[in-house]
Amino acid sequence: MANFSKSTVPQFSVDVYQNEFLPEGGREVNAIVTVTSTGGGTSGGAPLTGASPVSTTPGGSPNAAVVIMVDCSGSMDYPPTKMRNARDATSAAIDTLRDGVAFAVVAGTHVAKEVYPGEGRLAVADAGTRAEARNALRKLSAGGGTAIGTWLRLADRLLASADVSIRHGILLTDGRNEHETPEDLRASLDACAGRFTCDARGVGTDWVVKEVTGIASAMLGTADIVADPSDLAADFTEMMENAMGKEVADVALRLWTPVGVEIKFVKQVAPTVEELTGRRTEANARAGDYPTGSWGDESRDYHVCVQVPEAGVGQEMLAARVSLILPAADGTSQVLSQGLVRAVWTDDMVASTSINPQVAHYTGQAELAQVIQQGLEARKSGDFDGATAKLGRAVQLASDSGNADTAKLLSKVVDVVDAATGTVRLKAKVADADEMTLETRSTKTVRVKK
């Protein structure tokens, strides 16, 4: 187990990649913002002075709480090994908890029930509570419906009872959210978003990809398919290890723009494509915050696009300032690091028409995610010509950008004739697991080769 201390709280750095040159009258400015969080203060970013480490409480205990939500609906009994695999996976996740982390297990059906420790409490991880929790898991059995919003709300109540900064959920489902309306689920997500992060997993092939990915997106977590239930334990262990590596919560990407500048979009583009534009909260008259969730030792890329006023050759301006913000309990906030986005007008056509490699790469990756989803939708609706065109474009983009993982997934849905031109044929038969894996992982990107 890692021993987290104040010295290992991450430091943040912000690097901006762009072509700042615009032709006379040019208005659109694009930039890729790379945010890096490095433990031990080696990244060159600003230290978290004045902020207590999120990874540990003042007494030295891990400052985190986790709730595991396990689907126990009737379909988890088909086949019977699925429920056993879910119990084993939850047990493996519990074994991965650091000593001192608060935790609970929830059984999810058309209602949510506490499995361990019960009575609205969280247990504190040690050898004894882990053993008690594993014993309690034996009581898990399948029966009932599925209302995921109730699971999330119970997890929220449990996590809110802990005086910690890192609050995380792990959610497993094997079926459709049939016992509440989409509006009910959306209301629960709206109520829980920003209060804890949540990784979501679909096991088997009878669940709805957009439901699971929508949950993870709203809760700033990850989504994936575990087609074979026997793989659940390894997946749960990896998820919990990642959760235990988080050290700073509630970091926001703050975008300041001068008068006359319009924000067109803000999105995360690596390690996955995640639209953030609509999640802005106003910080002041000229700045807004975009949530990024919890951070450990990692790096992510964001695409910022703004529209500036027209200007003449030789003029330049600050188009935007990007800052990493850590809010404090007293209502203040700390700037962890920042970078500048510039606009310079020139009559040098070579300079003004050059596309920054990072911007070009991630524009392609965002299009890749979009055309995969559009192609699969077209295939489901019987528009095979449209599906062939979209998935062919996806193959071409995956090939051009070196996204080998996505290219491999695409090859299970289409026969690739020529990757360079995007010439493909739809496969006559596609396994449900292969199609769902491609859809679920369509937003995963590869980093640009800098």
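Sequential numbering from 1 along the given sequence is applied to the chain's residues. Only a predicted model underlies this, so the values are computations on that prediction, with no experimental measurement involved.
- Of all the heavy atoms in A252 and T292, the pair that sits closest is N-OG1, 4.3 Å.
- For the pair D156 and F196, the minimum side-chain heavy-atom distance is below 4.5 Å.
- The closest side-chain donor-acceptor pair between Q365 and T445, if any, does not fall under 3.5 angstrom.
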Practice prompt. Evaluate the side chain to side chain contact (heavy atoms under 4.5 Å, CB included) criterion for residues V341 and L318: first the C-alpha distance (whole Å), next the side-chain angles of each, then the deciding distance (0.1 Å), finally the verdict.
Written response: CA-CA 6 Å; V341 180; L318 176 61; 5.7 Å; no
Item to complete: Begin with the C-alpha distance, continue with both residues' side-chain angles, and end with the deciding distance and a verdict on side chain to side chain contact (heavy atoms under 4.5 Å, CB included) for V14 and L324.
Response: CA-CA 8 Å; V14 172; L324 265 292; 3.4 Å; yes
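- Between T173 and I148 the shortest side-chain heavy-atom distance falls below 4.5 Å.
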Practice prompt. Could you give me the CA-CA distance, side-chain angles and deciding distance for D434 and T437, then say whether side chain to side chain donor-acceptor pair (under 3.5 Å) is met?
Written response: CA-CA 5 Å; D434 290 336; T437 301; 5.4 Å; no
Item to complete: Report the C-alpha separation of T38 and T36 in whole Å, then their side-chain angles, then the decisive distance to 0.1 Å, and conclude whether the side chain to side chain donor-acceptor pair (under 3.5 Å) test is met.
Response: CA-CA 6 Å; T38 306; T36 303; 5.9 Å; no
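- Taking the side chain as every heavy atom from C-beta outward, E183 and L185 never approach each other to under 4.5 Å.
- No side-chain N or O of Y290 forms a donor-acceptor pair with one of R279 less than 3.5 Å apart.
- In terms of modelled atom types and a separation under 3.5 Å, the side chain of T150 and the main chain of A147 share a donor-acceptor contact.
- Residue A319 comes nearest to V306 through the heavy atom pair CB-CG2, 4.1 Å, listed as atom of the first residue, atom of the second, then distance.
- Shown here for A369 and V273, the closest heavy-atom pair between the two residues is CB-CG2, 4.4 Å.
- Distance alone, capped at 3.5 Å, places no donor-acceptor pair between the E241 side chain and the M239 backbone.
- Under the 3.5 Å distance criterion, with hydrogens and angles disregarded, a donor-acceptor pair is assigned to the side chains of T34 and D301.
- Note that the OG atom of S294 and the CG atom of N242 stand 12.0 Å from one another [nearest 0.5 Å].
- Using a 4.0 Å cut-off between charged side-chain N and carboxylate O, K264 and E28 make a salt bridge.
- Defined by atom type and a distance below 3.5 Å, a donor-acceptor pair is missing between the side-chain atoms of N403 and S401.
- Between the T277 side chain and the V266 main chain, a donor and an acceptor come within less than 3.5 Å of each other.
- Between E274 and R300 there is no salt bridge, since no side-chain nitrogen of the basic residue lies less than 4.0 Å from a carboxylate oxygen of the acidic one.
- The nearest pair of heavy atoms linking L158 to A104 is CD1-CB, 4.1 Å.
- In the displayed structure, K139 atom NZ is contacted under 6.0 Å by at most 12 heavy atoms of other residues, nucleotides or ligands.
- Taking 4.0 Å as the cut-off between side-chain N and carboxylate O, E178 and R176 do not count as a salt-bridged pair.
- Annotation for K427: atom NZ counts as buried by contact number, over 12 foreign heavy atoms lying within 6.0 Å.
- Environment of NZ in K390: sparse, with no more than 12 heavy atoms of neighbouring residues, nucleotides or ligands closer than 6.0 Å.
- Residues V115 and V106 fail the side-chain proximity criterion, which asks for heavy atoms closer than 4.5 Å.
- A donor-acceptor contact closer than 3.5 angstrom is absent between the side chains of D88 and S91.
- Using a distance-only test at 3.5 Å, with no hydrogens or angles considered, a donor-acceptor pair links the side chain of T90 to the main chain of A86.
- Taking the six-membered ring wherever Trp is involved, the centroid distance between the rings of H303 and F265 falls below 6.0 Å.
- Taking every heavy atom of both residues into account, L97 and A125 meet most closely at CB-CB, 4.1 Å.
- In this structure, CG in L410 is found 11.0 Å from CG in D405, a value given to the nearest 0.5 Å.
- The CZ atom of R379 sits 11.0 Å away from atom CD of E439, with the distance rounded to the nearest 0.5 Å.
- For the pair R167 (side chain) and A162 (backbone), a donor-acceptor distance under 3.5 Å is present.
- A distance-only check finds no donor-acceptor pair linking the side chain of Q18 to the backbone of N356 [under 3.5 Å].
- Here Y116 and F103 bring their ring centres to under 6.0 angstrom of each other.
- Within the 3.5 Å criterion, the main-chain N or O of L140 finds a donor-acceptor partner in the side chain of R87.
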Practice prompt. Please test V101 against M244 for side chain to side chain contact (heavy atoms under 4.5 Å, CB included), starting from the C-alpha separation and ending with a verdict.
Written response: CA-CA 9 Å; V101 170; M244 293 298 94; 3.8 Å; yes
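- For I355, the CD1 atom sits in a loose shell: 12 or fewer heavy atoms of surrounding residues, nucleotides or ligands are nearer than 6.0 Å.
- Between the side chain of H168 and the main chain of I68, no donor-acceptor pair closer than 3.5 Å is present.
- Under 3.5 Å, the side chains of H179 and T146 contain no donor-acceptor pair of N or O atoms.
- A cation-pi arrangement is absent between R286 and W256 under the rule of less than 6.0 angstrom and at most 45 degrees off the ring axis.
- When side chains are defined from C-beta on, E275 does not count as touching S217, because their heavy atoms never get closer than 4.5 Å.
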Fill in: side chain to side chain contact (heavy atoms under 4.5 Å, CB included) between Y302 and L253, worked out
CA-CA 9 Å; Y302 299 86; L253 189 77; 4.1 Å; yes
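- At least one side-chain heavy atom of M69 sits under 4.5 Å from a side-chain heavy atom of C198.
- With W151 contributing its side chain and T109 its backbone, the two residues share a donor-acceptor pair below 3.5 Å.
- Looking only at side-chain heavy atoms (C-beta outward), S337 and V335 stay at 4.5 Å or farther from each other.
- Scanning both residues, S442 and I372, for their nearest heavy atoms gives CB-CG2, 3.6 Å.
- Using a 4.0 Å cut-off between a side-chain N of Lys or Arg and a carboxylate O of Asp or Glu, R134 and D95 qualify as a salt bridge.
- The shortest side-chain heavy-atom distance between R321 and Q338 falls under the 4.5 Å cut-off.
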Discussion item. With salt bridge (charged side-chain N to carboxylate O under 4.0 Å, His left out) as the criterion, how do R157 and E114 come out once you've worked through the C-alpha distance, each side chain's angles and the decisive distance to 0.1 Å?
Written reply: CA-CA 11 Å; R157 290 195 296 274; E114 297 174 55; over 6 Å; no
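- To the nearest 0.5 Å, atoms CD (Q358) and CG (N30) are separated by 12.5 Å.
- Summarising the geometry, atom CD belonging to E435 is positioned 5.5 Å from atom CG belonging to L376; distances are rounded to the nearest 0.5 Å.
- Looking at T272 and T443, their side chains never bring a donor and an acceptor atom within 3.5 Å of each other.
- A salt bridge is defined here as a Lys NZ or Arg NE, NH1 or NH2 lying under 4.0 Å from an Asp or Glu carboxylate O, and R130 with D126 fails to meet this definition.
- Between the side chain of K82 and the backbone N or O of Y78, at least one donor-acceptor pair lies under 3.5 Å.
- The only option from D71, T222, D224 that meets the side chain to side chain donor-acceptor pair (under 3.5 Å) definition with R201 turns out to be T222.
- In this structure, CE on M240 lies 11.5 Å from CG on D235, to the nearest 0.5 angstrom.
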